[in-house]
Amino acid sequence: MTTTISKGGARRRSIATLICGALAAGGLAAAGVTALAPGTASASSHREAPLISGTPQYDNTDVYAFVSPDKADTTTIVANWIPFEEPAGGPNFFQFAEDAQYDLHIDNNGDAQDDLLFRYTFKTHTKNKKTFLYNTGAVDSLYDPDLNITQTYDIELIKLKNQHMMSKTKIADDVPVAPSNVGKASMPNYKKLRDQAIHKLTNGSTTFAGQADDPFFLDLRVFDLLYGGNLSEVGNDTLKGYNVNTIALQVPTHMITESAKQPIVGIWSTTQRLNAGGYYSQVSRLGMPLVNEVVNPIKDKDKFNASSPWKDAQFLKNVTNPELPKLIEAIYKIPAPKEPRNDLVDVFLKGVKGLNQPPYVTPAEELRLNTSIKPAMHPKRLGVLDGDTAGFPNGRRLTDDVIDASLQVVEGELLGAKNDLGDAVDKNDKNFEKYFPYVALPTEGSRGPLAKGTSGSNDVRSQLGDALQPAGTSGGTDTMLIAGSAAAGAAGFLLIASVAVWWRRNMRNRAY
């Protein structure tokens with residue numbers, strides 16, 4: 001593409017160059033501030049509103065909804081919480097909140113009100129409160145006694161009509177959560193743990209909750225005034241190496257659609273938090289990506305998180321008169337499309353006509369999916385913009401490049417202003433799975449090789465695990481001696497002593 005733009009009246013830069021630039025990210029990146037690679041700085045992302053940015057356990061980062069590629073008669077919903085989980089962030093690793101209701105909403109007739117609601121609630125269990133450790137040895141299963149802190153969850157299916165509850169049924173009880181991936185020494189076969197957390201329900205659905213790699217991919221470093229006009233530092237996946245907590249639900253499609261003649265559903269998620277008065281208040285909401293991040297101004301962000309889709313008319317002007325194109329024009333001299341932007345109303349609030357817009361639709365921020373469209377054999381990252389009608393904005397698959405697609409639409413792609421804008425991050429850093437729950441395995445806390453000499457039955461993993469058993473459990477002489485220290489409350493001495501035992505056995509005569 002050879003179209004050029006003038007920058008500051010001086011040098012000219014091609015649109016092809018801008019494909020590798022920050023324009024996509026220029027405001028349609030997940031909200032946040034400057035962020036570097038894990039471990040190099042305090043990072044932030046998915047922080048779409050001031051209040052929720054301070055309570056990450058309740059912060060919904062993304063929602064995905066798609067016809068399951070390997071089971072076309074089912075629909076999969078993936079919702080993520082807790083942005084920017086540093087994999088080595090112990091000893092208190094990442095848990096779902098016990099005082100929250102994590103809800104997946106289904107609107108199956110286009111009236112902006114949920115007809116079905118899947119509610120997840122969590123409980124935390126601790127085996128040994130006299131140690132600071134998340135796990136006291138190598139963990140081989142979700143039921144391993146060495147997994148000291150675990151979580152379970154219940155699911156309720158709530159049917160509603162005009163915001164009034166019609167029925168409530170518990171469809172899952174005490175399902176185990178996949179733990180945080182502490183590291184190779186603690187969890188040598190994490191995939192086994194993840195697979196054990198996949199649970200089939202009697203109604204034909206399948207559920208999963210646990211840690212996963214953050215599937216969103218983008219170059220987030222755009223809040224420094226759209227890179228300050230400098231496009232040389234682009235193409236870095238800012239979310240690479242970070243994890244999230246995932247809830248995934250695969251349901252028979254007939255369970256969530258109004259009828260075979262009306263196969264379009266609207267999907268979003270919310271978090272409700274128990275307040276001091278004993279009631280639950282909605283504190284986070286997310287459906288269509290990027291709307292609250294970069295479409296709503298600061299004055300509306302917390303209000304949006306506490307509101308319901310059927311009240312979204314109050315935010316309509318933010319969509320028809322968006323700020324982002326004006327910022328891009330000011331910095332990069334690309335003309336902003338004329339307002340009002342009714343084309344954005346279709347994409348972000350109603351659904352594309354003839355594709356995923358219900359017959360009678362109330363404009364609302366929902367992720368709209370036409371469940372009758374079969375999965376693509378070869379998905380295209382730009383989805384509908386590239387002729388792949390099974391992709392974004394018809395739902396959202398894990399592989400969809402919502403940054404590039406959204407930016408191109410915001411910059412007038414549907415109005416005849418053809419462009420190839422993007423952030424040069426076109427895929428996730430990890431491959432997604434081919435089967436439910438589809439998300440990639442989380443990055444582990446230990447990213448290098450195990451310590452020298454720690455292989456076989458005498459390695460430090462098993463010996464530390466033995467040494468850290470609670471008092472009164474079976475074990476050798478060294479185990480009971482050190483466990484007695486733990487019972488006395490000397491947790492720090494316990495760890496040092498256990499390492500000393502290992503050192504005496506294995507390292508005394510070893511040369512380096």
Side-chain angles (χ1 to χ4, degrees), residues 57 60-64 68 70-71 74 76-82 85 87 89-90 92-98 100-104 118-127 134-157 170-184 186-215 242-251 269 398 430-445:
Q57 272 189 306
N60 189 323
T61 65
D62 281 290
V63 175
Y64 302 80
S68 307
D70 56 320
K71 297 181 67 175
T74 68
T76 296
I77 303 169
V78 175
N80 297 325
W81 279 264
I82 312 180
E85 293 181 359
N92 298 298
F93 288 93
F94 305 98
Q95 300 172 6
F96 291 97
E98 291 186 276
Q101 296 171 335
Y102 298 93
D103 293 343
L104 307 178
F118 295 91
R119 172 162 292 163
Y120 284 68
T121 53
F122 292 82
K123 298 176 184 177
T124 303
H125 314 275
T126 304
K127 296 182 179 71
Y134 186 78
N135 59 290
T136 57
V139 176
D140 294 323
S141 78
L142 296 183
Y143 307 98
D144 195 312
D146 286 325
L147 185 55
N148 191 39
I149 299 175
T150 61
Q151 287 197 300
T152 57
Y153 63 94
D154 300 341
I155 310 175
E156 292 177 314
L157 172 58
K170 181 176 283 191
I171 60 174
D173 187 37
D174 288 333
V175 181
V177 176
S180 294
N181 192 353
V182 175
K184 297 174 183 177
S186 294
M187 298 171 180
N189 187 355
Y190 187 84
K191 187 178 186 304
K192 177 181 177 183
L193 303 181
R194 207 270 281 276
D195 290 346
Q196 289 177 348
I198 299 172
H199 184 74
K200 295 185 180 298
L201 307 180
T202 57
N203 63 8
S205 301
T206 307
T207 180
F208 167 83
Q211 195 179 49
D213 171 72
D214 191 336
Y242 288 104
N243 300 322
V244 289
N245 273 23
T246 290
I247 289 174
L249 179 66
Q250 187 176 81
V251 296
S269 66
L398 296 171
K430 288 188 172 185
N431 292 328
F432 299 116
E433 301 288 340
K434 296 181 179 180
Y435 306 101
F436 183 86
Y438 305 106
V439 289
L441 293 172
T443 298
E444 66 274 6

Short side-chain donor-acceptor distance under 3.5 Å, [Y] and [X]:
X: Lys430; Y: Thr443; result: yes
X: Tyr153; Y: Thr207; result: yes
X: Gln250; Y: Thr76; result: yes
X: Asp70; Y: Tyr438; result: yes

Quick check: closest heavy atoms across [X] and [Y], and the distance to 0.1 Å?
X: Ala178; Y: Phe208; answer: CB-CE1, 3.9 Å
X: Gln151; Y: Thr124; answer: NE2-OG1, 2.9 Å
X: Phe436; Y: Ala248; answer: CZ-O, 3.5 Å
X: Ala212; Y: Val439; answer: CB-CG2, 3.6 Å
X: Ala172; Y: Leu201; answer: CB-CD2, 3.7 Å
X: Val63; Y: Ser269; answer: CG2-OG, 3.1 Å

Can you tell which of Met187, Lys191, Arg194 makes a side chain to side chain contact (heavy atoms under 4.5 Å, CB included) with Asn181?
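By the side chain to side chain contact (heavy atoms under 4.5 Å, CB included) criterion, Asn181 pairs with just one of Met187, Lys191, Arg194: Met187.
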Just wondering, more than 12 heavy atoms not from Asn431 lying within 6.0 Å of its CG?
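It does not: Asn431 CG has 12 such atoms or fewer within range.
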Check for a donor-acceptor pair, side chain of [X] on one end and backbone N or O of [Y] on the other, with a separation under 3.5 Å.
X: Gln101; Y: Arg119; value: no
X: Tyr190; Y: Pro179; value: yes
X: Tyr102; Y: Ala97; value: yes
X: Asn243; Y: Asn245; value: no

To the nearest 0.5 Å, what is the distance between [atom1] on [X] and [atom2] on [Y]?
X: Tyr435; Y: Ser68; atom1: OH; atom2: OG; result: 13.0 Å
X: Trp81; Y: Ile247; atom1: CH2; atom2: CD1; result: 4.0 Å
X: Ile171; Y: Leu249; atom1: CD1; atom2: CG; result: 6.5 Å
X: Lys123; Y: Asp174; atom1: NZ; atom2: CG; result: 5.5 Å
X: Asp144; Y: Thr150; atom1: CG; atom2: OG1; result: 11.5 Å
X: Leu147; Y: Ser141; atom1: CG; atom2: OG; result: 8.0 Å

Full working for side-chain contact (heavy atoms from CB on, under 4.5 Å) between Ile149 and Gln95
CA-CA 10 Å; Ile149 299 175; Gln95 300 172 6; 3.2 Å; yes
Considering only heavy atoms from C-beta outward, does the side chain of Val139 approach that of Ser186 to under 4.5 Å?
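Contact flag for Val139/Ser186 side chains = no.
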Walk me through it: do Phe96 and Ile82 pass the test side-chain contact (heavy atoms from CB on, under 4.5 Å)?
CA-CA 9 Å; Phe96 291 97; Ile82 312 180; 5.7 Å; no
Applying side-chain contact (heavy atoms from CB on, under 4.5 Å) to Val251 and Phe118, what does each step give before you reach the verdict?
CA-CA 11 Å; Val251 296; Phe118 295 91; 4.2 Å; yes
How far apart are the C-alpha atoms of Phe94 and Gln211, what are their side-chain angles, what is the distance that settles it, and do they pass the side-chain contact (heavy atoms from CB on, under 4.5 Å) test?
CA-CA 8 Å; Phe94 305 98; Gln211 195 179 49; 3.7 Å; yes
